[in-house]
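Contents: one structure, followed by commentary.
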Amino acid sequence: MEKYSPQAIEKKWQKKWQEEDAYRTEMDASLPKYYTLEMFPYPSGNLHMGHVRNYSIGDVLARYKTMEGYNVLHPMGFDSFGMPAENAAIKHGVHPAEWTYKNIENMERQQREMGLSYDWEREVITCAPEYYRWTQWLFELFYKRGLAYKKKASVNWCDTCGTVLANEQVIDGKCWRCDSEVHKKDLSQWFLKITDYADVLLKDLEKLKGWPERVKIMQENWIGRSEGLEFTLEVPELGEKIPVYTTRPDTSYGITFLALAAEHPLVEKICENNPKAEEIRAFCKKVRGQSEIERTSGESEKEGIFTGYYCINPFNGNKVQIWVTNYVLAEYGTGAVMGVPSGDQRDWMFATKYGIDKILTLQPKDKELKLEEMTAAYVEKEGVLVNSGEFTGMEMHKAMAAIIDYAEAKGFGKRRVNYRLRDWLISRQRYWGAPIPVIHCPHCGEVLVPEADLPVRLPENVKFEQGAVSPLAQCEEFLHCKCPKCGADAKRETDTMDTFICSSWYFLRYADPKNAEASFAKDKVNYWAPVDQYIGGIEHAILHLLYARFFTKVLKDAGMVDFDEPFTNLLTQGMVIKDGAKMSKSKGNVVSPEEIIAKYGADTARLFILFAAPVDRDLEWSDQGVEGAFRFLGRVWRILGRFEESIRQAPKEYDVAALSKEEKELRCVLHRTIKKVTEDVRDRFMFNTAISSIMELVNAFYAFQDKELAAGLAREIADALLRMLAPFAPHIAEELWFLLFGEGSVHRQKWPSYDEAAMVQEEIEIVLQINGKVRDKLRVPVGLDRAAMEQLAMEQPRVQELTEGRSIVKVICVPGKLVNVVAK
RNA sequence: GCCGAAGUGGCGGAAUUGGCAGACGCAGCAGACUCAAAAUCUGCCGUUGGCAACAACGUGCCGGUUCAAGUCCGGCCUUCGGCACCA
């Protein structure tokens, strides 16, 4: 055998696999299916180590499940609409499509060089008209079901990107892509009604047993369900009622002011014929002009202005001042909040600052509170009501329910559930996205583009200029059209869809990627989906994973799929870091996968990245660690080379009983390794320890390098070793399989099974402890009972020596493990 | 502030059900091979004391349960992540 040379053998097998369509998958209802999926990448141009990790994990699973006899779907595609392509167009004058497809070509090449077992026939590219046609079709489905609507709203705007953003895309008040500050703008925009599904998106998290707890908690927080009371306070002077929402109805008797958001619709009415109108308007203008960061950051000062008007607390008839403030959110609840200084710290600070009254309504069971002695609101989650009319003396949690009942009975309030989740803003003022298939007709209003006319194609002849409005809005040939209903001159919608729409259903398209009649055939999707194992980064915990769940639920309700959750199991991989920080160009700590593969081969790159850390933890990149992985593959190569002759000539069946004691022990190691690796891969995704075990097996094999070894056993080891190695390092396993066994791919073999009988040892080592400390070790026959163990232990000179002159309190025996002698 | 995860040798990490702490790998040290080096193969490798046998200590900190705790319980500390004026 020649020297291990990954460059030569990897190219050879990649070519062969491609020629033979080795990873083509077809639907086969007679086989159990397994759908494993890695989050598809944005075609930025090059793979980074995060991709390598993601795909290596997925490929191990896909190959392992195939060997276990599953019909495996393992596809790949590109999430190829989005800003960077358009920015490249502005900067370099290259068309986004050209830039994107060039990048896809390069990344595909890199993926092929990794030796990944994708069925490339199923590739999905979201910017292709054959795909976005169906994205548009799905938009129309949502529209017809009342789940897509356009409305004027105060929305997040990023100047740098020149577009609006969804709430989920605003991180700490900044744009998720370019990190510039986001501010509010009043615009007419398209939304998807994800809030209609808030309740079921929350409730069904319970079904996701195979999801990491932290991801579920993040979604739970994001949805933000709360229960409370909505009730109205009358404003007699204006003949108006102001609704408020509270989760603390038990404090309702303590209202001393009412706080309106600066955006509240009543503010304008309040300003009519109001001597303070100018002042109030100026205050609102100032507040609304502030950025999200200024308005919400940390302990920003609470400010407000008294309107001169009063409303009536319906519980006790108290007259309550109406204020406009900077700390009430317009979009949450009703945009108006009851102010209870004694029960809420923000209200306390506000009332103190502006000299507003305070009324105590809650105190601890065993202690009387006095307002004059308090320096902060009483916010504990237990207490008894005071100054609360008929509810005085009631325990607060009982009072919450009783007060809600009271408000409902009197007809001024209602029990209500509230969510933090807002509707999903999906329109983008950009070119490189799927056009929203809507036509605005002066006579008919909003009209959907007829299904037969889909896709609404992106025009190719457009200009890209820095800071300009969307190229689509300037493209006359795109803009002007006829109304499909009445034939009048009409205009197209020029907004495109958020790319997260494209990625909310791509995993379904893989089941039927070339369907030109529908987004997918129902039987195919119901065979393959839901995804059995989804793998990707934690950064999508809310964004993509919430949207995809929403889409799936809508498609279920529309009768298009039979399942209501898209991803049965989710694995969130850790980041690849170097020198303690995430790899990034700005930090200069990027290691290029392409260079690593060129130097050591894909097998080494894959093996290292799977071995260096458990999949869900961050992984510290180590150039020396890569060397180690490479050395290990070399060791495998050499030890099999050492026994090449006997492996080739050995018969499949051989007499195990004739093996020497040492050989039997080696065979025992082999079968224990098979068991361990199987369990680590199948049940725990502990690829790092699976690889360790294979290394231990190889080390045990090396003990025979200068000795005679029964040919049958050498063959048995080589056979199982290569099968186990195949999912991790597919090329070297294939090459050695070919060299040693000739015909047939290792990847079409069955996963090895272990022989319990081979794992039985005649003797095992047990530990002797005195008072819990290890003092000796002892080889004993397997199956020794407690009494015999104790007797044997007590006979040991070491035990006698150490317990001499002491009284034995008790002796604990754990069969097969240890004896602990407790002596005083 | 609320919620969550993590903390083990020089480093990455292992210990799955409470039962030998440190598997496997990296780095380091030594030996074999070689004129020599590289590569390869072999051995050693938690800390302290000791020539050694061995002993003491050791899984963020303090305490507890237990014959036995990295693992269970109570109380903290640190780091990272998510949410955060959500009424």
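Residue numbering restarts at 1 for every chain, and letters A, B, ... go by the order of the sequence lines.
A residue-by-residue look at A:V822 and A:A703 shows that A:A703 has its nearest nucleotide of RNA chain B further toward the 5' end. Residue A:Y702 is the one, among A:Y702 and A:R775, whose nearest nucleotide of RNA chain B lies closer to the 5' end (criterion: closest heavy atom).
Under the side chain to side chain donor-acceptor pair (under 3.5 Å) criterion, the residue pairs touching residues 687-701 of chain A are A:R635-A:N699, A:D680-A:T689, with sequence neighbours excluded.
For A:R638, no side-chain nitrogen or oxygen approaches OP1 or OP2 of B:A39 to under 4.0 Å. Applying the 4.0 Å criterion to OP1 and OP2 of B:A87, one finds that A:Y327 has every side-chain N and O outside that range. Distances shown here put every side-chain N or O of A:Q219 at or beyond 4.0 Å from the OP1 or OP2 atom of B:G82.
Remark: C1' of B:C83 and OH of A:Y332 are 13 Å apart, rounded to the nearest angstrom. In this structure, NZ of A:K773 is placed 12 Å from C1' of B:A68, rounded to the nearest angstrom.
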RNA chain B base-pair string [pairs: Watson-Crick or G-U under 3.5 Å; |: paired with another strand]: (((((((..(((......[....))).(((((.......))))).((((....))))..(((((..]....))))))))))))....

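Scored by the side chain to side chain donor-acceptor pair (under 3.5 Å) test, A:T247 finds no partners at all (sequence neighbours excluded). Residues satisfying the ring pair (Phe, Tyr, Trp, His ring centres under 6.0 Å) criterion with A:Y64, sequence neighbours excluded, are A:W751. In this view, A:H671 and A:E716 satisfy the side chain to side chain donor-acceptor pair (under 3.5 Å) rule, not counting sequence neighbours. A search for side chain to side chain donor-acceptor pair (under 3.5 Å) contacts involving A:K216 returns nothing, not counting sequence neighbours. In this structure, the side chain to side chain donor-acceptor pair (under 3.5 Å) partners of A:E644, at least two apart in sequence or on a different chain, are A:R648. When the ring pair (Phe, Tyr, Trp, His ring centres under 6.0 Å) test is applied to A:F728, no partner is found at least two apart in sequence or on another chain. With sequence neighbours left out, A:W222 forms a ring pair (Phe, Tyr, Trp, His ring centres under 6.0 Å) with no residue at all.
Here the separation of B:A14 from B:G25, taken at their C1' atoms, is 11 Å to the nearest Å. Comparing B:C54 with B:C61, their P atoms sit 29 Å apart, to the nearest whole Å. A distance of about 45 Å separates the C1' atoms of B:C2 and B:A56, rounded to the whole Å. B:A6 sits 34 Å from B:C44 when the P atoms are compared, rounded to a whole Å. Taking the C1' atom of each, B:U71 and B:C20 are spaced 15 Å apart, rounded to whole Å. When the P atom is used for both B:G10 and B:G58, the distance is 16 Å, rounded to whole Å. Of the P atoms belonging to B:A30 and B:C45, the separation is 15 Å, rounded to the nearest Å.
Across all strands, A:R642 comes closer than 4.0 Å to no nucleic acid atom at all (heavy-atom distances).
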Under 3.5 Å between N/O atoms: give me all the protein pairs with nucleotides 26-28 of chain B, atom names plus distance.
residue, atom, partner, partner atom, Å
B:C26, OP1, A:R631, NE, 3.1
B:C26, OP1, A:R631, NH2, 2.7
B:A27, OP2, A:R631, NH2, 3.2

Anything under 3.5 Å between a protein N or O and an N or O of nucleotides 31-34 of chain B, put it in a table, one pair a line.
none

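Candidate nucleotides B:A55, B:C85, B:A84 were compared by shortest atom distance to the side chain of A:W222, and B:A84 ranks first.
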Summarise protein proximity over nucleotides 11-24 of chain B in one line of letters, 5' to 3': B for base, S for sugar-phosphate only, - for none, counting protein heavy atoms closer than 4.0 Å. -BSSSB--BB--BB

